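Encoded as structure tokens, the structure appears first; notes follow it.
Predicted, not measured: the structure shown is a model, and the values here were computed from it. In what follows, every heavy atom counts, from backbone to side chain, and hydrogens, waters and symmetry copies are set aside.
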Amino acid sequence: MAKPIIYQLLPRLFTNYCEKPVPNGTIMQNGSGKLNSITPAILKEIKKLGATHVWYTGVIEHAHDSDYTFYGIPRDNPHVVKGHAGSPYAITDYYDIDPDLAEDVPGRMGEFEALVKRTHDAGLKMIIDFVPNHVARQYRSDAKPRGIRDLGDGDNTDMFFTPSNNFFYITRQQFTPIGVDLGSGSDAYVEFPAKASGDDCYTAFPGINNWYDTIKLNYGVDPWNGNRCFDPTPATWFKMLHILRYWAAKGIDGFRCDMVHMVPLEFWQWAIPNVRKRYPNIKFIAEIYDVKPYRPYIEAGFDYLYDKVNLYDTLYGIECNNVSAAKLTSCWQTVEGIAPNMLNFLENHDELRYASRFYAGDAKKVTPALVVSAMFNTGPMMIYAGQELGEKAEGIAGYSGDDGRTTIFDYWTIPTLQRWLNRGHCDGQLTPDEQALRDLYARVLKLCNKEKAVSEGQFFDLMYVNYSNPALDPHRQYAFMRHAGNTLLLIAVNFDDAAADLEINVPQLAFDMWDMAPGKYRATDLLTGEVAQKQLSPETQFKTSVPGHGAVIWRINHKNMPKTENESVS
């Protein structure tokens, strides 16, 4: 079974070839990437990197201050839009494609459907966002199918909560976010009564750091007393189920579901099986930031969960906060039994760029974290467009400021990608370091599915027999094995600046589990191609050198007869 390798890209940024974007620039100044610009040639290059899936982020229509009234699309009030381009998670129409991404605005859905076909023709599967927790403050659908009622249509605005409402209303109070200019006169944004904001802010006065650009959806849970009013089934549930089925019918392969833990578990237990009655192969990926509900959300039907607060945070801590590499042992223990459901990553649109000065500051340091993330379990690995080139997200694009993240709120470009893509030719000049980094990513990501020990095999942590080993520093080095069939991968990573000569203990238990005979074997380091004769025995330590901020992946076919002491390896 293939291990999913997901390539995340924001079409608005990905193929925006504006050479000199202006900070805080409008779409007229800076332009926008288009769905049609994601060509077969580009998709071929993404697949060559090792990807199996593409997650197209921000394709559903969301709030922005661009003017499409000529096409019958109402304009959003800019005072409740973050940045000129707006957040891809402030949805204004669940049934439409964002017009910023279209070359032919009236034909935007056709352009999306053509992208679905191109993606599949390239041998890739397609993921889009499902944003269940909140919508833009001015949500309205002009593309909804006949017979579908809009969110909020028919709500009793005199009640803070009733399970038949789609929103929560702060009765008799006007929306007045603190520190946000809502304009004046005919330009002002007026909302009365105020609605609760998307980050569970149940007042009329969210702060500037709240999700004031969004409105919280009501799934039948009273926020004041916690009462769960699910009988009869709330109206919001049916509306969101219809949206899921609408996009599944377009031929997509999966949904990345935003902030799933902010929506009642009972909704997912009901909705996911109902979608799969018609679309049995559709995948559901959960963005989740709490380890405790991991298992319940998997039981509800999610295929994969973000392992953010477990593995991602630990790897960040090792690189930036002097956390011991030994902490990685607790990471697999935390998800033991559900490891195949964990989705690992080093970057995404919410997180810091690895090469930014706020994280590692140097893309060449990524190897140990990349190898661990990609090979720790059989679940998906995700990378974020530009990560494979060492994108640093430097400078101020606009609303997001200079924070080591690629903006999602502005019309902008990604410099490394712009050079590499070269307006769709995919032949741009990369620096030697950028080319070496892309080659590294391709090598590691391809190994994930080339080696069954990674995509299907068993995991074995070697640290319990190496914590007191003077030839391995558990605070800066980590060693583990993966195994399938006759193939053993012995993997060691080094988070230290200096190279390390390691002597790794391999316990008798591993030999018993996998029916391995002690002896000398021909071994190949899958990262460098080096071939060497290696002693594999519970009595003799496995010796290997690991570069600073490097890794080794030694592959051994242990069913081959062990080499004798005098036999050389050619």
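A cation-pi arrangement, defined by a distance under 6.0 Å to the six-membered ring centre and an angle within 45 degrees of its axis, is absent between Arg245 and Tyr279.
With ring centers used as reference points, Phe345 lies 6.0 Å or more from Tyr384. Checked against the 6.0 Å centroid criterion, the rings of Tyr139 and Tyr94 qualify as a close aromatic pair. Aromatic ring centres of Phe168 and Trp224 lie farther apart than the 6.0 Å criterion allows. Not less than 6.0 angstrom separates the ring centroid of Phe160 from the ring centroid of Tyr169.
Residue pairs meeting the salt bridge (Lys or Arg N to Asp or Glu O under 4.0 Å) criterion with at least one member in residues 89-104, sequence neighbours excluded, are Asp96-Arg108. Applying the ring pair (Phe, Tyr, Trp, His ring centres under 6.0 Å) test to residues at least two apart or on different chains, the pairs with a partner in residues 38-57 are Trp55-His349. Screening residues 1-37 for ring pair (Phe, Tyr, Trp, His ring centres under 6.0 Å) gives no qualifying pairs among residues at least two apart or on separate chains.
Asp142 and Tyr95 form no side-chain donor-acceptor contact under 3.5 Å, judged by distance and modelled atom types alone. Side chain to side chain, Tyr89 and Asp129 meet the donor-acceptor criterion of an N or O pair below 3.5 Å.
Every residue meeting the side chain to side chain contact (heavy atoms under 4.5 Å, CB included) condition with Asn225, not counting sequence neighbours, appears here in chain and number order: Asp222, Asn227. In this view, Ser400 and Thr407, Phe409, Asp410 satisfy the side chain to side chain contact (heavy atoms under 4.5 Å, CB included) rule, not counting sequence neighbours. When the salt bridge (Lys or Arg N to Asp or Glu O under 4.0 Å) test is applied to Lys82, the partners found at least two apart in sequence or on another chain are Asp213. Considering only residues two or more places apart in sequence or on other chains, Lys250 meets the side chain to side chain contact (heavy atoms under 4.5 Å, CB included) condition with Met109, Phe112, Glu113, Tyr246, Trp247. Lys44 pairs by the salt bridge (Lys or Arg N to Asp or Glu O under 4.0 Å) definition with nothing, not counting sequence neighbours. Evaluation of the side chain to side chain contact (heavy atoms under 4.5 Å, CB included) rule for Lys239 yields Arg149, Leu151, Asn166 as partners, not counting sequence neighbours. In this structure His84 satisfies the side chain to side chain donor-acceptor pair (under 3.5 Å) test together with Asp65, sequence neighbours excluded. For Asp200, the salt bridge (Lys or Arg N to Asp or Glu O under 4.0 Å) partners two or more places apart in sequence, or in a different chain, are Lys216. Residues satisfying the salt bridge (Lys or Arg N to Asp or Glu O under 4.0 Å) test with Lys47, not counting sequence neighbours, are none.
Val260 pairs with exactly one of Leu305, Leu265, Ile288 by the side chain to side chain contact (heavy atoms under 4.5 Å, CB included) rule, that one being Ile288. Just one residue in the list Leu182, Ile215, Val190 forms a side chain to side chain contact (heavy atoms under 4.5 Å, CB included) with Phe175, and that residue is Leu182.
A salt bridge links Arg276 to Asp303: at least one charged side-chain nitrogen sits closer than 4.0 Å to a carboxylate oxygen. Using a 4.0 Å cut-off between a side-chain N of Lys or Arg and a carboxylate O of Asp or Glu, Asp253 and Lys283 do not qualify as a salt bridge. Using a cut-off of 4.0 Å between Lys/Arg side-chain N and Asp/Glu carboxylate O, Arg405 and Asp403 are scored as salt-bridged. Using a 4.0 Å cut-off between charged side-chain N and carboxylate O, Arg140 and Asp76 make a salt bridge.
Ring geometry, Tyr68 versus Tyr71: the interplanar angle falls from 30° to 60°, so the pair is classed tilted.
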